[in-house]
**Student:** 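Attaching a single structure in C-alpha cells format; questions to follow.
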Amino acid sequence: MITASPAARLSPPASDWRTLWRDAITDPRELLEAVALGHLADRLPPGDAGFSLRVPRGFVARMLTGTPDDPLLLQVLPQLAELDQVAGFSVDAVGDMHARSAQGVLHKYEGRALLIASGSCAINCRYCFRRHFPYGDEMAAAGQWRKALEHVRQDASITELILSGGDPLALATSKLEELSRGLADIPHVTRLRIHTRLPVVLPQRIDEAFTQWLTALPLQKVVVLHANHANEFDADVDAACARLRGAGATLLNQAVLLRGINDQPEILEALSERLFAAGVLPYYLHQLDRVQGAAHFEVDDARALALVEAVRHRLPGYLVPKLVREVGGEPSKRPL
Ligand SMILES: *Cc1c(COP(=O)(O)O)cnc(C)c1O
Ligand code: SF4
C-alpha cells in the first residue's frame, strides 16, 4: 500500500528558509530510508556518480513511500545509469558554460539579458548541467553584478532582465535589494524575470521580506517556476505561489521532459491542471540538455511531439506547454 512518507506527518514548524536549506538530505542512504526503500542501498552508484545528492526534507515529504519509481525520487536519487558514457552527451551540452561562469551575463536573445545571479541550488536535479559545474556563489561576488549591470545599462535594446543560475533566490533578500537599486537608474529595463525552482522545492523561501521586496519593485515581474510533476505541489507550494501573485508577479512554469518521470500524456495533463490550480501557466516543456550522465532520461523527438499532441487534444490551448530545445548559437529556443 502507498502512503505519504513519515516525514509528511512530521511537517516542520514554519522555519527560516536558510535553516531548512542547510537541513537538506545529502546522504543517499538516508534518503532511501526516509522513503522506506533502505533495502535498495546496494543499487546506488559508488561515490554519488560525480554529483552530490541534495534534497530539502519538505520535497522528500511529497514522495510516496515504498515506491522506487516515484517521480520526485527519480529526479534526485543517484543512479548507476549515470555512469554510462553515451555518444552525444557531453559535459557542456549547450556550449556556454564557460561564458556563463566567466561573465555572469548572457545576452544571446534580442531584448533579454540573462544574469547568472547565483550558482547555488537547494536541490540537485540529476538531469541538470550543474552536475558538471558545481559552482558556488562566486557569481554574486562583489563586482560581478556591477559589470553585468553595466552591460545592461549600455544597451538600450535590453528591456527584460532575467535572473537565473543556479537559483537566483539562493541569494539573500538583501542581495536582491542591492540588485534592484542597481536597476533603478536603467529606465529601458521594464521587466524583471526570475527563473527559480525554490518556490517548489523550498517554498519557505517566499517569506515576508522577499514578498515585500517583490511587491515594491517598480517593474513588471515574471516568475518562471520549474516543476516536472503534479506531485511536486502541496499546500506550502500553493501558498508560496499565492504570495508571489499577491506581489504582482505573473507565474509561468518550465518543465523538462524526463523519461520515466513525466513522459505520459496523463502525467503532463495532470501537471498542467495542477499548475493552473496554483495560478501558474505552463510555458516551456524542454527537451533534455544532452549532458553526460543524463542519457537515461532522454525522450526522443518523435515521442516528445506525440506526447504534446496528445495533451493538445485534451486540454485548452493555454494549458499546453511549448516543446522546445536549446541549441547553442540560435536566436531563440528552437520549437520542435
Ligand atoms: C532561455 C534563455 C532566455 C529566455 O528565453 P525566452 O524564450 O524569452 O524564455 C534568455 N537568454 C538566454 C541566454 C536563455 O538561455
Ligand atoms: S539549476 Fe534548476 S534544474 Fe539545475 S539543479 Fe538547480 S534547480 Fe535543478
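In each ligand, atom 1 is the first atom listed, and ligand 1 is the first ligand listed. Since the model is a prediction, treat every value here as computed from it, not as a measurement.
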**Student:** Taking a cutoff of less than 4.0 Å between a non-hydrogen atom of the residue and any ligand atom, is Asp167 in contact with ligand 2?
**Tutor:** no

**Student:** What do you reckon, does Arg193 put a non-hydrogen atom under 4.0 Å from ligand 1?
**Tutor:**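 Yes.
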
**Student:** Where the closest heavy atom to atom 8 (Fe) of ligand 2 is concerned, which of Ala170, Cys125, Cys128 has it?
**Tutor:**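 Checking each option, the heavy atom nearest atom 8 (Fe) of ligand 2 is found in Cys125.
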
**Student:** Look only at interatomic distance and state if Lys108 has a nitrogen or oxygen under 3.5 Å from any nitrogen or oxygen of ligand 1.
**Tutor:** no

**Student:** Rounded to the nearest 0.5 Å, how far apart are CG of Leu176 and CG of Leu169?
**Tutor:** 6.5 Å

**Student:** Quick check on Arg314: does its CZ atom have over 12 non-hydrogen neighbours (other residues, nucleotides or ligands) under 6.0 Å away?
**Tutor:** yes

**Student:** Roughly how far apart are Leu319 CG and Leu268 CG, rounded to 0.5 Å?
**Tutor:**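 Interatomic distance, Leu319 CG to Leu268 CG, rounded to 0.5 Å: 12.0 Å.
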
**Student:** State whether the shortest distance between N or O atoms of His195 and N or O atoms of ligand 1 falls below 3.5 angstrom.
**Tutor:** no

**Student:** Suppose I only count heavy atoms of Cys121 and a 4.0 Å limit; which atoms of ligand 2 are within that range?
**Tutor:**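 Atoms satisfying the 4.0 Å criterion: 1 (S), 5 (S), 6 (Fe), 7 (S).
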
**Student:** So is Glu160 close enough to ligand 1, meaning a heavy atom under 4.0 angstrom away?
**Tutor:**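 Outside the 4.0 Å threshold, so no.
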
**Student:** For ligand 1, which atoms sit closer than 4.0 Å to a heavy atom of Tyr283?
**Tutor:** 6 (P), 7 (O), 8 (O), 9 (O)

**Student:** Which distance, rounded to the nearest 0.5 Å, do you find between the CZ of Phe129 and the CG of Leu288?
**Tutor:**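 Here the rounded value is 12.5 Å.
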
**Student:** Test of understanding: given a 4.0 Å heavy-atom threshold, classify the contact between His107 and ligand 1 as side chain, backbone, both, or neither.
**Tutor:**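 Answer for His107: neither.
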
